[in-house]
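Below is one structure; the comments refer to it alone.
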Amino acid sequence: MGAVLKIDLIAAARPNFMKVAPVYHALRRQMRCDLRLVHSGQHYDANMSQTFFQDLALPDPDINLGVGSGTHAEQTGRTLMAYERLCIDRRPDWTIVVGDVNATLACALAATKMGIRVGHVESGLRSRDRSMPEEVNRVLTDAVADLLWTPSSDANENLRSEGIPEARIDFVGNVMIDTFEFMRPRIEAASTRADQGLVFGSYAVVTLHRPSNVDDPARLATLVNTLGRISADLPIVFPVHPRTRARLEGAGLLSRLRACAGIRLLEPQGYVSFMNLLTGAAIAITDSGGMQEETTYLSIPCLTIRDTTERPVTLTQGTNQLVRAEQLLDAVHAASFAADESWRAAQKRPPLWDGHAAERIVESLKRHT
Ligand code: UD1
């Protein structure tokens, strides 16, 4: 029998954890391997990190690199150096990275320069907007990865057009849906919605955290005013990201939001609580990547306050719509079509968004080792 494969699985920030969890569980189930769970420490507040490990039945990370907050160069550079040291101490055969955060690129780069093979979960997504730090992380990670696991066929086309050899690309589907299906009973049993006095199908969930929306006080003020007007007709629940809370406070806008009777401001929620809120929403208003996908899967209309998306399948096959901050109020009113069951029934789930993507990733890894 050959040596047991050594694998590092990298997590860093909130949107990673629901992608890491199904891969972790599938590796444990399906493969004899020496698995090390590495947390870069980019997200460190309990409600941005630890809660997710508990919710998703992940063990505490074996290693926390403790990089914390900082500029992009600081975060990426500290992760690059710390992860290289870790690989010198114990060299894995594979480093598996997920998504598009700074640690995705940093760990992929450290590993590839040491001749360690790199697998990328959620490969091939492109917004074509290089002003998004995540887009730079995506392009560079895919350029060095050995095995690229894609969530949708548009991602395969993107990779081909960048000259990535076909043999490295494997269309496996969307691991976020694995997590949702795995957690569905707990999500449905949770009481977050009821605790907030919200009625199924008759409120909006709002999340905002992108620098393009929250860092400019004028743009943030437009959004706050619009949310206030929407909440006059439709209750809003808004778990506030730490960056957004800081920007709202800095711009003197937090008190304006608090004064709106129809808006419930919450701390960042754990996975189960948040999905309990989202599954009961009439509509989602967001700039998140993951929520565009979750709402497509759930047939919930989603208004994404961005100019581009790296997830075009949510526009063509699903429920998502890109809107500018100034168009948001009209778009919410137009989206009242969502109440229509036939509209919901007409929404399609993209191929291989079926709850088994992580299993396919492990099979793919076995084929390539
Ligand atoms: C990061 C990801 C982004 C993802 C987002 C989800 C990159 C380039 N960006 O952006 O793709 O959509 O996470 O949240 O990796 N902070 C806390 N507590 C924490 C974590 C952060 O207070 O636990 C504060 C930081 O001090 C900082 C701000 O939140 O002021 C932003 O955090 P950071 O991790 O730099 O980036 P995100 O905007 O969260």
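Since the model is a prediction, treat every value here as computed from it, not as a measurement. Note that ligands are numbered from 1 as they come in the structure, with each ligand's atoms numbered from 1 the same way. Throughout, numbering of the chain's residues begins at 1 and tracks the sequence. Only this structure's heavy atoms are used, side chains among them; waters, hydrogens and symmetry mates stay out.
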Inset, instruction - Starting from atom 35 (O) of ligand 1, locate the nearest protein heavy atom and write down its residue, its atom name and how far away it is, to 0.1 Å. - result: Gln75 NE2, 3.5 Å
Legend entry - Nearest-contact summary for atom 26 (O) of ligand 1 - protein heavy atom, Å: Ser69 OG, 2.7 Å
Inset, instruction - Number the atoms of ligand 1 from 1 as they appear, then name those within less than 4.0 Å of a heavy atom of Pro15, with their elements. - result: 4 (C), 6 (C)
Legend entry - Phe17-His43 aromatic ring centre distance below 6.0 Å: no
Inset, instruction - For side-chain hydrogen bond (donor to acceptor under 3.5 Å, both in side chains), just list the numbers for Thr369 and Trp94, CA-CA rounded to whole Å, side-chain angles, deciding distance to a tenth of an Å, and then say yes or no. - result: CA-CA 9 Å; Thr369 47; Trp94 280 91; 5.0 Å; no
Legend entry - Atoms in ligand 1 flagged as close to His209, the criterion being non-hydrogen separation under 4.0 Å: 4 (C), 5 (C), 6 (C), 12 (O)
Inset, instruction - With rounding to the nearest 0.5 Å, note down the distance linking CG in Leu105 to CZ in Arg138. - result: 12.5 Å
Legend entry - Nearest neighbour in protein (non-hydrogen) for atom 18 (N) of ligand 1: Asp45 OD2, 2.9 Å
Legend entry - Point-to-point distance, once rounded to the nearest 0.5 Å, from CG of Leu303 to CE of Met291: 10.5 Å
Inset, instruction - Can you confirm whether something in the protein, heavy atoms only, sits under 4.0 Å from atom 30 (O) of ligand 1? - result: no
Inset, instruction - Measure from atom 37 (P) of ligand 1 to every heavy atom in Met48, Arg247, His43 and give the option owning the shortest one. - result: His43
Inset, instruction - Compute whether any side-chain donor of one residue and acceptor of the other, for Thr304 and Asn320, lie under 3.5 angstrom apart. - result: yes
Legend entry - Winner among Gln42, Arg14, Glu74 once heavy atoms are compared against atom 1 (C) of ligand 1: Gln42
Inset, instruction - Report the nearest protein non-hydrogen atom to atom 38 (O) of ligand 1: residue, atom name, distance rounded to 0.1 Å. - result: Arg243 NE, 3.2 Å
Legend entry - atom 3 (C) of ligand 1 - nearest protein heavy atom and its distance: Glu134 OE2, 3.1 Å
Inset, instruction - Using the side-chain contact (heavy atoms from CB on, under 4.5 Å) rule, pick out the option among Glu134, Arg128, Met132 that qualifies with Glu310. - result: Met132
Legend entry - Check: Asp8/Tyr83 side-chain N/O donor and acceptor closer than 3.5 Å: yes
Legend entry - Residue Asn102 vicinity, atoms of ligand 1 by number, heavy atom under 4.0 Å: 7 (C), 8 (C), 15 (O)
Inset, instruction - If you have a sec, work out which protein heavy atom is nearest atom 14 (O) of ligand 1 and how many Å separate them, to one decimal? - result: His241 NE2, 2.9 Å
Inset, instruction - Could you check atom 16 (N) of ligand 1 against the protein and tell me its nearest heavy-atom contact, residue, atom and distance included? - result: Tyr44 OH, 3.6 Å
Inset, instruction - Give the C-alpha distance, both sets of side-chain angles, the deciding distance and a yes or no for salt bridge (Lys or Arg N to Asp or Glu O under 4.0 Å) between Glu157 and Arg126. - result: CA-CA 10 Å; Glu157 282 160 34; Arg126 297 290 182 268; over 6 Å; no
Inset, instruction - Measure the distance from atom 24 (C) of ligand 1 to every protein heavy atom, then report the residue, atom name and distance (to 0.1 Å) of the closest one. - result: Pro242 CB, 3.9 Å
Legend entry - Carboxylate-amine/guanidinium contact Arg367 Asp170, below 4.0 Å: yes
Legend entry - Pair Arg360 + Asp354, salt bridge at N-O below 4.0 Å: yes
Inset, instruction - Using a strict 4.0 Å cut-off to heavy atoms of Arg210, name the atoms of ligand 1 that fall inside it. - result: 12 (O)
